[in-house]
Protein chains: 2
Amino acid sequence: MVTIKDVAKVSGVSPSTVSRVIANNPRISEDTKKKVRKAMKELGYHPNVNARNLVAKSTKAIGVIMPSSANVALQNPFFPEILRGIGSVIHEAEYSMYLSTGETEKEILSEVQRMVYGSYVDGVILLYSRINDKVTNFLREQGFPFVMVGKPQEHDTEITHVDNDNVRAGKEITQHLIDMGHEKIGFIGGSRDLLVTRDRESGYVAALEKAGIQECEGYKIHTEFLKSGGREAVEHLMSLSTPPSGLVVSDDLISLGILSMLESYGLRVPQDISLVSFNNVYLSEITRPALTTVDIQIYTLGAQSAKALIEKTLNKNEPAKRIIIPYEIVYRDSVSQLS
Amino acid sequence: MVTIKDVAKVSGVSPSTVSRVIANNPRISEDTKKKVRKAMKELGYHPNVNARNLVAKSTKAIGVIMPSSANVALQNPFFPEILRGIGSVIHEAEYSMYLSTGETEKEILSEVQRMVYGSYVDGVILLYSRINDKVTNFLREQGFPFVMVGKPQEHDTEITHVDNDNVRAGKEITQHLIDMGHEKIGFIGGSRDLLVTRDRESGYVAALEKAGIQECEGYKIHTEFLKSGGREAVEHLMSLSTPPSGLVVSDDLISLGILSMLESYGLRVPQDISLVSFNNVYLSEITRPALTTVDIQIYTLGAQSAKALIEKTLNKNEPAKRIIIPYEIVYRDSVSQLS
DNA sequence: CTGTTAGCGCTTTCAG
DNA sequence: CTGAAAGCGCTAACAG
């Protein structure tokens, strides 16, 4: 390994000068800079991060925490897309990114602890928001810089988070169904432990209320991905005496499952039943029918959270903030007008 | 930050002794170990990785490189799933994982260079295999430990790689179509720059040959994901004087797009046309119809590549090897018997 | 079994 | 504008 000393020797200056050239210190003459840089190139010198981090007490690295991966929900294209968004600003800022995927909450917690205690990273991004989350609590207690994608369960004024206005999005997309003449509208969501599910559901409820539609018993369902792609949800809904004519589904990937269950019940979308959804991942435009869905701008969600985190690590008393990314409804073919 | 010295002071021993109990050196008495550990707990001591890496000249970290993310192909559930596999062994071994996502090959290369030159990682996993890849060449030239998921374009005896036998899988799944009475069989693949596409295609060709079926002009198509989910592919195929009755599609996500294009042409799967595919990601079981596809064991692919890489970093002259993960065809509903 | 010492590669005062 | 020296937190000979 070629070190700063080697460069110093070759260029005939002291190690500290080389260090200053690396930092592009203005007090070094252009001449010596040129000389030193030439030597660096010749020798193929590259600074060693560990040595640097050790003295700088900063790592220019951030940790990204995926939700627990015990179930198939992680196969959601949401994740690669948000990583891409994070990666873009990370790269731009010459930071690096540690990824943690754990099966269980315990595993995740232990990885996060290692990251923060061991000074692996300067800050952490949580790619999920769930209730009673030990990881969140740990980070808060430690006063370690972190940002959350989604809405914190509590202390939301102290935790920097990047989110959509999911309540409003839920309300608006439900309203769309209502505008199209639907009154019997069901809701199918992922786990209620996820704040995002709750928000979207609240929006759905609010829209019904506003329209003076009575919430119907049994119209709200929460399904885990694993359960055969929503079979039970659809079975239940369709066994009702008056099944819904419209469905608000909290995630495109769930929608895909619902779509196919619906068809197996002989129900055509949108002729027999309409469906709206959230996220606008690539697959939502290639399903049959293409989904009317809320584009939440996943990439931007990721990019902004990385940006906010970096700012925070650079300036410890940057105030906590809430960053709301606008959404946009993409109208496609999964909703029909009810006469 | 609490250091080894603080622990030493509190427990009344020297720093080196503390270091030894961290390493669980057998030459330290159980008594002192106990004493020291108690002090560590009290003070909340955790070793600093950077200091440790600096002297150890090893980072216990590996870099994971995603393919260029300029297009939507990254939204493939393949990636979260393989990350999960990698993550499991990483966690087990108490390693950590750096993730690199770059838009362009240039960006990726620069990230990889930073990783290796800056001693960020002990080794690298490439999550793709493509022709004329600068990143691969760089890693080879540097003699830096890396493993590739997929088949190397060249030097495949020198590069440790983890792969399926995609040629055989392609052959076998095509054979299945033939067994079901199909003779006019088309192939729709992703980019030909990807080795995986080529292998699966070779298998397809081999099966045809073996069955004495003449390869038909215009039956082989390569489509980029972006292009409206395979619209052009299907348009082309269906405009042929004798369109195929069966389709081999090189990726489940592409299949999803094809499925919906087919339907928009009034073609039902599998009644009018059969389709087989690869990967067996979650969505392939919730499409309509559920796909007959090759389960390539993505998770295992990831886990094995991480395992191989760690071994390699631990023992520099571990020989290069090829690790073939078995596949299994999952028969579902996208193929029909032709009388 | 344990302490002393040197040093990993780099940055940063402090001098000059 | 540049050099000398100290030190980041840890490990690893070398003594004892």
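Naming: A, B, ... by sequence-line order, numbering from 1 per chain.
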Among C/dT2, C/dC10, D/dC10, which nucleotide sits nearest the side chain of B/A51? D/dC10

Within less than 4.0 Å of OP1 or OP2 of D/dC10, is there a side-chain N or O belonging to B/K5? no

Just to be sure I understand the rule, does A/R27 reach a base, reach only the sugar-phosphate, or reach nothing, if contact means heavy atoms closer than 4.0 Å? base

Does B/D122 reach the main-chain N or O of B/I62 with its side chain, forming a donor-acceptor pair under 3.5 Å? no

When the distance from CG of B/N48 to C1' of C/dC10 is rounded to whole Å, what number comes out? 14 Å

To the nearest Å, give me how far apart NZ (B/K9) and P (D/dC10) are. 13 Å

What contact category does A/S19 fall into here, base, sugar-phosphate, or nothing, at under 4.0 angstrom with non-hydrogen atoms? base

Let me know the distance between OH of B/Y120 and P of C/dG9, rounded to the nearest Å. 16 Å

Distance in angstrom units between B/R20 CZ and C/dT5 P, rounded: 14 Å

Does C/dT11 have OP1 or OP2 sitting under 4.0 Å from an N or O in the side chain of A/R52? yes

Got A/L127 and A/I82 here, is their nearest side-chain heavy-atom distance under 4.5 Å? yes

Are any of B/Y117's side-chain N or O atoms less than 4.0 Å away from OP1 or OP2 of C/dG9? no

So, OP1 or OP2 of C/dT2: does either fall under 4.0 Å of a side-chain N or O from B/S29? yes

B/T17 and B/S14 side chains, donor-acceptor separation under 3.5 Å: yes

Using a cut-off of 4.0 Å on non-hydrogen atoms, how would the nucleic acid contact of A/V13 be classed: base, sugar-phosphate, or nothing? sugar-phosphate

Rounded interatomic separation in angstrom, taking CD1 from B/I28 and P from C/dT2: 5 Å

How many Å lie between CE on B/M40 and C1' on D/dC10, as a whole number? 14 Å

Regarding B/E42 and B/K38, does a basic nitrogen lie under 4.0 Å from an acidic carboxylate oxygen? yes

Is B/S16 side chain donor-acceptor paired with the C/dT5 base, going by distance under 3.5 Å alone? no

With respect to the phosphate group of D/dT2, does any side-chain polar atom (N or O) of A/T32 fall under 4.0 Å of OP1 or OP2? yes

Is the phosphate of C/dT4, meaning OP1 or OP2, less than 4.0 Å from a side-chain N or O of B/S14? no

Judged by nearest nucleotide, the residue sitting upstream toward the 5' end of DNA chain C, B/P15 or B/L54, is B/P15

Gap between atoms NE2 and C1', on A/H46 and C/dG9 respectively (whole Å): 15 Å

With B/I159, which of B/V147, B/L126, B/L139, B/T136 fulfils side chain to side chain contact (heavy atoms under 4.5 Å, CB included)? B/T136

Whole-Å distance, B/I4 CD1 to C/dT4 P, equals 14 Å

State whether A/K57 places a side-chain N or O below 4.0 Å from either non-bridging phosphate oxygen (OP1 or OP2) of D/dG9. yes

Could A/K321 and A/E311 be called an ion pair, given the rule that one side-chain N must be under 4.0 Å from one carboxylate O? yes

